[in-house]
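Atoms considered below: every heavy atom in the structure, side chains included; atoms not considered: hydrogens, waters and symmetry mates. Lettering of chains follows the sequences in order, A, B, ..., and the numbering in each one begins at 1.
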There are 2 protein chains.
Amino acid sequence: MKKIAILGSTGSIGVNTLDVIERNAAHFEVVSLAAGSNVDLFAEQIKKFNPRVASLFDASKIDLLKERLNGMDVEICSEEEGSIRVASEPDADLVVSGVVGSAGLVPTLSAIRAGKNIALANKETLVVAGELVLREADARGVKIIPVDSEHSAIFQVLNGENPKHIKRIILTASGGPFRTFSKEQMEHVTVAQALKHPNWSMGAKITIDSATMMNKGLEYIEAKWLFGRDVVVDVVVHPQSIVHSMIEFVDTSVVAQLGIPDMRVPIAYAITWPDRFEADLPSLDWSQPSNLTFEAPDYEKFQCLTLAREVMDSGETFPAVLNAANEIAVQAFLDEQIAFKEIPEIIRMALDNHKSEPIRELDAVLRADQWAREEARKLVGVSAHG
Amino acid sequence: MKKIAILGSTGSIGVNTLDVIERNAAHFEVVSLAAGSNVDLFAEQIKKFNPRVASLFDASKIDLLKERLNGMDVEICSEEEGSIRVASEPDADLVVSGVVGSAGLVPTLSAIRAGKNIALANKETLVVAGELVLREADARGVKIIPVDSEHSAIFQVLNGENPKHIKRIILTASGGPFRTFSKEQMEHVTVAQALKHPNWSMGAKITIDSATMMNKGLEYIEAKWLFGRDVVVDVVVHPQSIVHSMIEFVDTSVVAQLGIPDMRVPIAYAITWPDRFEADLPSLDWSQPSNLTFEAPDYEKFQCLTLAREVMDSGETFPAVLNAANEIAVQAFLDEQIAFKEIPEIIRMALDNHKSEPIRELDAVLRADQWAREEARKLVGVSAHG
């Protein structure tokens, strides 16, 4: 019986994780849950999975939650302190880090410091503080199991292989909705166009990140932290999103993981690893003619991808600035304050203006994050009024 | 230092194996070599790799070989006895079984009985006597490492995985030169047409087997023996021969091995396993637009594939009859005694006329093999004069 804690239980990763757990109820016990502010769903989850600890970030809704739970025997807590309590629950074997955005960083780091293995869906943890997180995880023998379909693919392919035999990682990218757009067409992209992702159904922020290919840039940074900073990571555009990523080994042999685009597969893998459980999901259908295509990404057109590769080379607090400035710029685009093509422009200006520092403690990261948000907001203001 | 014995050293597998060994000379020692009748090449190999034992099957050329070796200190032997001597050389850690045809069976079995791990390129060993060979290998803890690119792919993908998690094996097939031919066109296929394989450069017998898809049928049988008789093996046509095969696991996750079509990759893997050595070979190029297609095989058009699946269900000596009758029929086609479409017809008639028996000892297999050759020759005679 594996004991699971979930950070972000009412989000997409959390809901899918609980779905997998419910289908394999004999193998898992949910010991703690943390959510943001969705009281209705959170109360339901608590009643169904009966955790020892439950934390709702939004303190103003705690009374409402208690009312819904109607005297149920569960320790209720709140805010960041509550998330940390859930993440470091002594009984948990594995913490699923499914919070979106940099809010996931502190509780995930607490879980690592408490020696818990992590099923990591929160990109920011590694993008923003990869150096620190990996140092802490290595010191405690904590295993970080990726949930992102691309990193899960690479992790699966590495099973039984010597990481020293990696020649390069081939990170596949759908290319997003603007893969075939000309630079000219990219100038006039609307919010509605950018929100249409060809293969995956996701939240607004991540869908825009997919349209700018920043999503792949963040995954590039994650891959570097997860599989080795010295490992070559090449991005290849594969519009069908069937091949989730590949490794080429030193003997030129390439091993790839493929599957239907359903997050429940990598989520299940992360929580069942090193086991695999039978899934009641459709298989890839090879009986019908099918076509998998691959092409090089256009780094000129997708500046966000170029920026992500650059900040990984620069290191220190640059990736944190990239991530924070991107969050602000994407929100400004969604609010129709800036044009689509201004997203990478604002990030580049923020990076140009940044004085980086080495990451000795979390504070350096949080300072850079804070600074970048303010800087990006200023730059959005200038642009919106310029 | 891994000590290697090679059966079939002057054939395509043998030559490529020695090429890999030469490129990694610090890691391997060649302790024994067996060849058929190519004295010139064999003498060169012996001089270069300095084995303790060398066997030339063709006894009539032994004097010529000795003359070429000019008093060199090497034990020379001949015929089946010599192959057995090479295969069971006490010092050998691994025996590469690269002889083509059923001549590979007896020495390979001797190697297994001597407790040697086997790098298996000889298809017939498993097709004809899989039951016996696996029983003997299991009893001695002998590892059989496949060299065929498809089975090597499956073997590589299974690295670090639990075989119980296999949902099905997806064996890829190029589809051969007649993939897009109509049944009508297939009636008039010439030897020259059948000898043109789209992706691999191979001997005449195996090229015809690829054209009839019997090659894939034999690989289907091999896969069943190597990875479990109860495992589902589906054949998928993939004309580019880049994906060498795949496994779908119980969680619907599919893992595939891909590579350039160069036998040195699976050969190197088989002799270096569980290690991988750096290869001085081109990588798959993802920077250029590329296209991988997949479609179901046409079992109606490719009767040899259907027959192979049937004999595996029937078991006993039926696979041995399929293999032997196919060898005779293919030779008759190459000799222009029968038409291309008669190859499966002759095999089916031989199978229909066969009284199978259980495989308790090698004799049963050899009897069935002998009977099937005579039967197929008779059927060829009837057809050629009919």
If you look at every heavy atom in A:L258 and B:A256, which pair is closest and at what distance?
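That closest heavy-atom pairing would be CD1-CB, 3.7 Å.
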Heavy-atom pair of closest approach, residues A:L281 and B:T252
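Here A:L281 and B:T252 meet closest at O-CG2, 3.5 Å.
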[X] portion near chain A, given a 4.5 angstrom heavy-atom threshold:
X: B:P297; result: neither
X: B:I247; result: neither
X: B:K164; result: neither
X: B:E248; result: side chain

Residue part contacting chain B, namely of A:L158, when any heavy atom lies under 4.5 Å:
neither
Do other residues, nucleotides or ligands put more than 12 heavy atoms under 6.0 Å from [X] [atom1]?
X: B:D313; atom1: CG; answer: yes
X: B:E278; atom1: CD; answer: no
X: B:D285; atom1: CG; answer: yes

Min side-chain heavy-atom separation B:F294-A:N291 under 4.5 Å
no
Is the shortest side-chain heavy-atom distance between B:S283 and A:R168 below 4.5 Å?
yes
[atom2] on [Y] to [atom1] on [X], rounded to 0.5 Å:
X: A:L292; Y: B:T293; atom1: CG; atom2: OG1; result: 9.0 Å
X: A:T172; Y: B:W286; atom1: OG1; atom2: CH2; result: 9.5 Å
X: A:D251; Y: B:I267; atom1: CG; atom2: CD1; result: 13.0 Å
X: A:H165; Y: B:D275; atom1: NE2; atom2: CG; result: 4.0 Å
X: B:N159; Y: A:N159; atom1: CG; atom2: CG; result: 9.0 Å
X: A:E295; Y: B:S287; atom1: CD; atom2: OG; result: 11.5 Å

Looking at B:F277, B:F249, B:Y269, which makes the most heavy-atom pairs under 4.5 Å with chain A?
B:F249
Carboxylate-amine/guanidinium contact A:E161 B:R276, below 4.0 Å:
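Result for this pair is yes, salt bridge flagged.
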